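Convention: sequence-line order gives letters A, B, ...; per-chain numbering from 1. Values reported hereafter were calculated over all heavy atoms of this structure, with side chains retained and with hydrogens, waters and symmetry mates removed. Everything quoted here is computed from the prediction, not taken from an experiment.
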Protein chains: 4
Amino acid sequence: MARTTDGSGTTPVPRRLLAAATRLFAEQGYDRTSVQEIVEAAGVTKGALYHYFGSKEDLLHEVYARVLRLQQERLDAFADADAPVERRLRDAAADVVVTTIENLDDASIFFRSMHHLSPEKNKQVRAERRRYHERFRALVEEGQRSGVFSTATPADLVVDYHFGSVHHLSTWYRPNGPLGPREVADHLADLLLRALRP
Amino acid sequence: MARTTDGSGTTPVPRRLLAAATRLFAEQGYDRTSVQEIVEAAGVTKGALYHYFGSKEDLLHEVYARVLRLQQERLDAFADADAPVERRLRDAAADVVVTTIENLDDASIFFRSMHHLSPEKNKQVRAERRRYHERFRALVEEGQRSGVFSTATPADLVVDYHFGSVHHLSTWYRPNGPLGPREVADHLADLLLRALRP
Amino acid sequence: MARTTDGSGTTPVPRRLLAAATRLFAEQGYDRTSVQEIVEAAGVTKGALYHYFGSKEDLLHEVYARVLRLQQERLDAFADADAPVERRLRDAAADVVVTTIENLDDASIFFRSMHHLSPEKNKQVRAERRRYHERFRALVEEGQRSGVFSTATPADLVVDYHFGSVHHLSTWYRPNGPLGPREVADHLADLLLRALRP
Amino acid sequence: MARTTDGSGTTPVPRRLLAAATRLFAEQGYDRTSVQEIVEAAGVTKGALYHYFGSKEDLLHEVYARVLRLQQERLDAFADADAPVERRLRDAAADVVVTTIENLDDASIFFRSMHHLSPEKNKQVRAERRRYHERFRALVEEGQRSGVFSTATPADLVVDYHFGSVHHLSTWYRPNGPLGPREVADHLADLLLRALRP
DNA sequence: AATGAATGAGAGTTCATTCAT
DNA sequence: AATGAATGAACTCTCATTCAT
């Protein structure tokens, strides 16, 4: 009886809905995905969806919340490590690339559909996002203060520079392309660190 | 009689429609903008829109075509200039930042709504986009061959790194923020060039 | 342990449900009140409601049954009293005004939602209603036969005239208006009796 | 080609929709009538309805507006007539009964569905309603001042008394009952005038 | 006695597009 | 060149009710 497909089986209904929504939002965009499509992909009825989620938007918000939590945890772990700052920044910069590639669906949604959230939820997500951004910036500033990074560019801009390339991954990265996640991550972290050389 | 408002006056109807659509697509996204809103903003009726454009999607495509044409022209000019390659790359890299900031609406649309185009049109836009990308990459490769740029990172990845930050601009750049277009452009071009130091 | 709030406590569950339903039906109308709202207001779950009541409509019918029983009892008491007919009619006419004002919620429901009952239940309520109407009419006819009331108007119409104004109370009467229930009742009974003067 | 049925023909679409809505709202109530039913009865599609009316509620509001206008016009005509006040009040009181009976559908809707209007629209309708009420009250007060009507009851209450019976008509009046509109009107006006005798 | 997950039908509304004029 | 009435399909969301536990 225990199956692992999305359509039905033992996976809890909310989990199935979230998985189906994630895939469809990434493939087609939030607006182009109908609630009907989601419930069909999850093998339940509309009523079930609205039993667990208040609205279609809530579903989107849940996708975000999950990604944000995951990324923040990983960044915290790397930033708190016992190593020189250039090592910690490099690891964090590379890790966000790897996890982004490994969750390209979530990433696409994140960077393409955030503006579909209501002002209220948008604010909430932006706040959590900012926390993440600032943790990263703190690493850059730490290196700048200790002289291992150049101070030519404001730390803020450096962070935006790097995250721009991370967001961009979902546009060009293809799983069966010439470079694997680790290789891309190393290259992008490399570019960041090289740009920061004094 | 000659007025300059969008609502009516001497500006040709197709131009008015395009301007209204650009603004609305940028503000609300393609899917969330109704044809009704566009024609109201342009001060015409639906019939007029469908007289000049085959569909709502055509309107989006026209927005793209205009941006692409503009950017390609500017890139060609900078790349063909008579100057050292590091100068030409720097100028091109900075210019795309400035023109992106000066047309943030178009940029938002570009990076958020491309997937709303039909496969056919999407292909066409991607082809033109690739041409642009390759011209840029050629500059990087030229510098790598001549030894002024490091060969540590594949040129393709370098270009994606930079354009990631350009796309990202519409997410964080605010006209009344601390940095003007030119300053941001200098910083971002700087980061690129520094990352390419051998 | 003995609490008096609606939300929970010692009040029996069916009673709590009925009270919540009465208030909500009066405030929002029958159709606009969801079963979910009722059970939340009563502090129970849907299962409990459907344990005690067969359907949402049953709840409405119970509200009616309670009001009808109460009004019939009071009318019978006044009509059976040992007093001249003009006194008995006057007291009955005034009393129905007072009790209507004191239970404006029930009254609103009564006059606005009767048509929401199924034909079957509607018939039942109409039958009990008719019994009430006829008891009242009998008083008018008694007075007409004995010559204390004018026979210019058919007794039926007289009763409808008076009950029209009673139904109407829920439209205009406000508890903190200039007139109290007793004063309104006296005035309306007065108008009825004056209209019946030979 | 020129047919007069509701389903289609030369009657303008908005008129057809209004007529269908009026009938259905009266028969089933506002909440129990679906937009689908209305457009089917009018022989058009939903799109057509929303082309002319902003919402289902707008349709209801239009029904009200039409009735209010009609009634106000008639009351003004009777009140402004050149006749003794008791004659003018009598005529106005009887006329509102006749026109109510002749438009029982509108009347049912009016007195049963007003609370379905949004607070905003409700306010508007109440304001127009009050204007009507006050015109009527002015007649009563005029008679009270000149001594032809008793001052025992406040004029406000007298008006509510009469209109209660008018509203009530849609509850009990049946076209094929023993009394015609004119007869009922005479009786009810009679009761009012008799109640007002000094 | 009571839960609450799940159903499934139907609600009001929006919208890109067409077409007679 | 331009109108605007009308279409028809799709949209998100609500709800009374059922049933295994």
Report yes if some heavy atom in the side chain of [X] is under 4.5 Å from a heavy atom in the side chain of [Y]; otherwise report no.
X: C:Tyr30; Y: C:Lys56; result: yes
X: B:His115; Y: A:Gln28; result: no
X: D:Glu128; Y: D:Gln124; result: yes
X: B:Leu49; Y: B:Val35; result: yes
X: C:Asn103; Y: C:Val67; result: no
X: B:Val125; Y: B:Phe110; result: yes

> Going by the angle between their ring planes, with limits at 30° and 60°, are A:Phe111 and A:His167 parallel, tilted or perpendicular?
Replying inline: parallel
Take atom [atom1] of [X] and atom [atom2] of [N], then tell me their distance rounded to the nearest Å.
X: A:Leu17; N: F:dC13; atom1: CG; atom2: P; result: 14 Å
X: C:Leu24; N: F:dC15; atom1: CG; atom2: P; result: 13 Å
X: B:Gln36; N: E:dT13; atom1: CD; atom2: C1'; result: 15 Å
X: B:Ile38; N: E:dT17; atom1: CD1; atom2: P; result: 10 Å
X: C:Glu57; N: F:dC15; atom1: CD; atom2: P; result: 18 Å

> More 5' along DNA chain F: A:Lys56 or C:Lys56, using each one's nearest nucleotide?
Replying inline: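 It is A:Lys56 whose nearest nucleotide is closer to the 5' end.
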>> Assess whether a salt bridge exists between A:Glu62 and A:Arg66, defined as any Lys/Arg side-chain N lying under 4.0 Å from an Asp/Glu carboxylate O.
In response: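 A:Arg66 and A:Glu62: not salt-bridged.
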> Under a 4.0 Å N-O cut-off, is there an ion pair linking B:Asp31 with A:Arg32?
Replying inline: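 Looking at A:Arg32 together with B:Asp31, the answer is yes, because their closest N to O distance falls below 4.0 Å.
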> Start at the 5' end of DNA chain E and walk down; is the nucleotide closest to B:Gly54 or to B:Glu37 reached first?
Replying inline: B:Glu37
>> Each nucleotide in nucleotides 2-7 of chain F should get exactly one letter: B, S or -. Can you fill that in based on protein heavy atoms under 4.0 Å?
In response: SBBBSB
> Quick check: does any side chain N or O of D:Lys123 sit under 3.5 Å from a backbone N or O of D:Ser118, one acting as donor and the other as acceptor?
Replying inline: no
> Does a side-chain N or O from A:Tyr50 land closer than 4.0 Å to OP1 or OP2 of F:dC13, or not?
Replying inline: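 A:Tyr50 to F:dC13 OP1/OP2: side-chain N or O found under 4.0 Å.
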>> Can you pull out the residues from residues 26-35 of chain D that lie within a 4.0 Å heavy-atom distance of DNA chain E?
In response: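 Output list: D:Thr33, D:Ser34, D:Val35.
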>> Let's test your reading of the pairing rules: Watson-Crick or G-U wobble, both distances under 3.5 Å, then write DNA chain E as a dot-bracket string with ( ), [ ], | and dots.
In response: .||||||||||||||||||||
> Strictly by modelled atom types, are B:Gln36 and B:Glu40 linked by a side-chain donor-acceptor pair under 3.5 Å?
Replying inline: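 Looking only at side-chain atoms, B:Glu40 and B:Gln36 do form a donor-acceptor pair, the distance falling under 3.5 Å.
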